Amino acid sequence: MDTAELKTQILQVIGAIPAGRVSTYGDVARRAGLPNHARYVGTVLKNLPTGSRIPWHRVINGRGEIAFPLGSDKWHQQQSRLQREGICFQGERVPLRRYRW
DNA sequence: GGTATGACAGAGT
DNA sequence: CACTCTGCCATAC
């Protein structure tokens, strides 16, 4: 299985995350059948073409935090997208117990 | 083909 | 809890 397929596999899993729920990099990797590829999930999202309709904002880290530097443009963008879907933040983090897919 | 980097995770302290 | 340390693995140099 080459990397192009892994990428497709990962994107499909992300695309399946329902609105109003979130998943983590590790979860996405596992659901894609690729344990230990959490970092790769991030790499794939980074190279995503702008305007892609992949719900990348529903992917956060295992501590319920947005993976971008706090206060950065990307951070705000992701946060508002999540809130727009009804996800409430506890400070700077999302309570996974409640929203984890 | 080393070496460093990163939208990470889990165990340990 | 929060913080550090280590393992991971595709990519970019």
Side-chain angles (χ1 to χ4, degrees):
Chain A
M1 193 178 232
D2 67 21
T3 61
E5 300 176 49
L6 301 184
K7 190 167 146 189
T8 318
Q9 186 80 341
I10 288 170
L11 290 179
Q12 175 174 353
V13 172
I14 296 177
I17 304 173
R21 305 306 285 300
V22 298
S23 190
T24 69
Y25 297 89
D27 282 347
V28 171
R30 280 186 291 265
R31 279 169 185 271
L34 308 165
N36 308 332
H37 283 74
R39 299 192 90 130
Y40 185 51
V41 172
T43 320
V44 170
L45 290 184
K46 178 161 57 175
N47 303 329
L48 218 56
T50 55
S52 172
R53 60 182 208 299
I54 299 295
W56 54 270
H57 58 282
R58 301 187 191 140
V59 186
I60 60 186
N61 72 24
R63 299 170 212 172
E65 314 166 316
I66 288 176
F68 293 110
L70 188 56
S72 63
D73 283 353
K74 294 302 251 174
W75 192 93
H76 287 303
Q77 185 182 349
Q78 184 167 7
Q79 198 227 23
S80 64
R81 281 198 184 202
L82 289 174
Q83 291 189 323
R84 186 170 42 178
E85 292 187 349
I87 290 174
C88 304
F89 278 70
Q90 275 182 34
E92 347 224 278
R93 48 181 24 179
V94 167
L96 289 179
R97 310 233 141 174
R98 192 162 144 203
Y99 299 111
R100 189 165 192 154
W101 181 32

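Order of the sequence lines fixes the chain letters, A, B, ..., with proteins taken first and strands second; residue numbering starts at 1 for each chain. What you see is a predicted model, and the numbers here were worked out from it, not measured in a lab.
Rounding to the nearest 0.5 Å places CD of A:Gln78 at 5.0 Å from CH2 of A:Trp56. Here CG of A:Leu11 is found 6.0 Å from CG of A:Leu48. Values are rounded to the nearest 0.5 Å. Put simply, CD on A:Glu65 and CH2 on A:Trp75 are 10.0 Å apart, with the number rounded to the nearest 0.5 Å.
The neighbour count for A:Asn47 CG, taken as heavy atoms of other residues, nucleotides or ligands under 6.0 Å away, is above 12. Within 6.0 Å of the CD atom in A:Gln12, the count of heavy atoms belonging to other residues, nucleotides or ligands does not exceed 12. Residue A:Arg81 qualifies as enclosed at atom CZ: its count of foreign heavy atoms under 6.0 Å is above 12.
Proximity of a side-chain donor or acceptor of A:Arg31 to a complementary backbone N or O of A:Val13 within less than 3.5 Å is not detected. Side-chain N or O atoms of A:Glu92 include none that pairs as donor or acceptor with a backbone N or O of A:Ile66 at under 3.5 Å. A:Tyr40 contributes no side-chain N or O that, together with a main-chain N or O of A:Lys7, makes up a donor-acceptor pair within less than 3.5 Å.
Reading DNA chain C from its 5' end, the first and the last nucleotide to sit under 4.0 Å from a heavy atom of chain A are C:dA2 to C:dT11.
Between A:His57 and the options A:Glu85, A:Arg84, A:Gln79, a side chain to side chain donor-acceptor pair (under 3.5 Å) holds for only A:Glu85.
Of the residues in residues 39-57 of chain A, those placing a heavy atom less than 4.0 Å from an atom of DNA chain B are A:Arg39, A:Gly42, A:Leu45, A:Lys46, A:Trp56, in numerical order. Remark: A:Ala67, A:Phe68 in residues 63-100 of chain A come within less than 4.0 Å of DNA chain B through at least one heavy atom.
Within the structure, every side-chain polar atom (N or O) of A:Arg58 is placed at least 4.0 Å from both OP1 and OP2 of B:dA7. A close approach under 4.0 Å does not occur between any side-chain nitrogen or oxygen of A:Thr24 and OP1 or OP2 of B:dC8.
As rounded to whole Å, 18 Å separates atom P of B:dA7 from atom CD1 of A:Ile17.
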